[in-house]
2 protein chains.
Amino acid sequence: MVLTTRVDKVEQRRLELAESALRTLGDLGYARTGLREIAANSPFSHGVVHYYFHDKIELITFCVRHYKTICSRRYDDAVASATTPQGLVDDVVAIMSRTLLDDAALHRLWYDLRTQSIFEPGLREDVRDIDLLLQAMVGRIVARAVELGAGQALVDEATAYAAVDGLFEQALVAASRGDDAAQEAATLLGRRVAALLRSIVA
Amino acid sequence: MVLTTRVDKVEQRRLELAESALRTLGDLGYARTGLREIAANSPFSHGVVHYYFHDKIELITFCVRHYKTICSRRYDDAVASATTPQGLVDDVVAIMSRTLLDDAALHRLWYDLRTQSIFEPGLREDVRDIDLLLQAMVGRIVARAVELGAGQALVDEATAYAAVDGLFEQALVAASRGDDAAQEAATLLGRRVAALLRSIVA
DNA sequence: GAAAAATCTTGACAACTGTCCAGAGCGTCC
DNA sequence: GGACGCTCTGGACAGTTGTCAAGATTTTTC
């Protein structure tokens, strides 16, 4: 596709800047991330940010929206291909432990921005959208476990999501203490999510 | 106790400033809270902060330590006085829903600072201490439920804490959307924590 | 009551922030 | 070739930040 309209090129630049912003936010956190730092992690100078985005908030919002396209379908293959409840839990837990280690910056960014949304109303709607997407993701896992005969769901979708999410955030905080701690956190996360899932669908 | 040593007075000033910092941080969030704003919410001027604290980090750290003395014993009475598993869960859930509404700023601050600790190593140890304290708090609730004949614990203490904490954070984020949303979040939180507790100790 | 010490205010500093803008560089079209 | 529009740079702006220090004020000590 050589034919790139002007609109396409603009959208591509916005994506480039968003990727750079995601990297920077995941590294430094929202409180310490400035527009210049984001631009420094991109091929452009700091002025260009305001050429493609009206606001800092608009850029961050764009980032958060971009994030959801990366995350929310992560377990779909495992859900589709599982044949036993045991196998489903094993696969899900393996993916979760791996993404904790591989995509740590992305996850750090997500929890940071979700917390920021408490103080910054401009972020709330987008954060809420993603939360619902992630909740549906967990819901599909639970529903599939029920379908495979693991039992019945003892809590609703929102409760299951919040509980699993709590475990993931706990692991992410623990993983920030260093490489060894991250490895251990990933192992514990796997065990704990498995135990929890078996408790809430039985 | 009229006899106040010099050390006592210093400690009292540090507490006053910490209280003001807790208020400000809970209102504005870590990213938007400056030393001048903290001082403005206290009877002192901004320069005095560096008279009692070497650093901004030292002040924040002191705040976090102060926070733990407020929070970690919140459910002890309910745990001690409960006579049935049902009654225990009801009491705990009632306290939790109430503190979500009454101490929202304090809880906002806690989740904000815990996330900041991912990016700011200077906060990690204190945050970890509090996390362990809160975990023990949840552990006492679960252990008491078992003691009262609710069944056996299906997950370990850390898992139970992370799951309940996930529900609480979910409710806090939802509560930030306004007064009506906060009321609904408190109700849902109660129902969900009760359902979760009954699932993990059965 | 004077001297000394502790406490607090005020203003300054360098560094940083988000935002904006004048102009340079560029390719495209008449 | 000249004019035009899109893209990007780099600097400037007003405001904020954490930090510090000189001096005023209060409290303590002798």
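Because the structure is a prediction, the values reported are computed rather than measured. Proteins get letters first, then strands, A, B, ... in listed order; numbering begins at 1 in each.
Phosphate contact (OP1/OP2 of D/dT7, side-chain N/O of A/Tyr51, threshold under 4.0 Å): present. Residue B/Arg13 has no polar side-chain atom (N or O) positioned under 4.0 Å from OP1 or OP2 of C/dA6.
For the pair B/Ile38 CD1 and D/dT17 P, the interatomic distance rounds to 10 Å; values are reported in whole Å. Distance CD (B/Gln12) to P (C/dA6): 18 Å, rounded to an integer number of Å. Summarising the geometry, the separation between CZ on B/Phe53 and C1' on C/dT7 is reported as 15 Å, rounded to the nearest angstrom.
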**Message:** Using the rule given for salt bridge (Lys or Arg N to Asp or Glu O under 4.0 Å), can you reason through B/Arg74 versus B/Asp103, listing the C-alpha separation, both sets of side-chain angles and the distance that settles it, and then say yes or no?
**Reply:** CA-CA 12 Å; B/Arg74 187 168 271 140; B/Asp103 312 310; 3.3 Å; yes

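When B/Leu188, B/Asp180, B/Thr187 are each tested for a side chain to side chain contact (heavy atoms under 4.5 Å, CB included) with B/Glu184, only one passes: B/Leu188.
Looking at B/Thr61, its side chain never comes within 3.5 Å of a backbone N or O of B/Glu58 through a donor-acceptor pair.
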**Complete:** With B for base contact, S for sugar-phosphate-only contact and - for none (protein heavy atoms under 4.0 Å), nucleotides 17-25 of chain C reads BBB------

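Using bins of under 30°, 30° to 60° and over 60° for the plane-to-plane angle, the ring pair A/Trp110/A/Tyr67 lands in the parallel bin.
Using a 4.0 Å cut-off between a side-chain N of Lys or Arg and a carboxylate O of Asp or Glu, A/Glu37 and A/Arg32 do not qualify as a salt bridge. The pair A/Arg128-A/Glu125 does not count as a salt bridge, with every side-chain nitrogen at least 4.0 angstrom from each carboxylate oxygen.
Using a 4.0 Å heavy-atom distance criterion, B/Tyr52 is classed as a sugar-phosphate-only contact.
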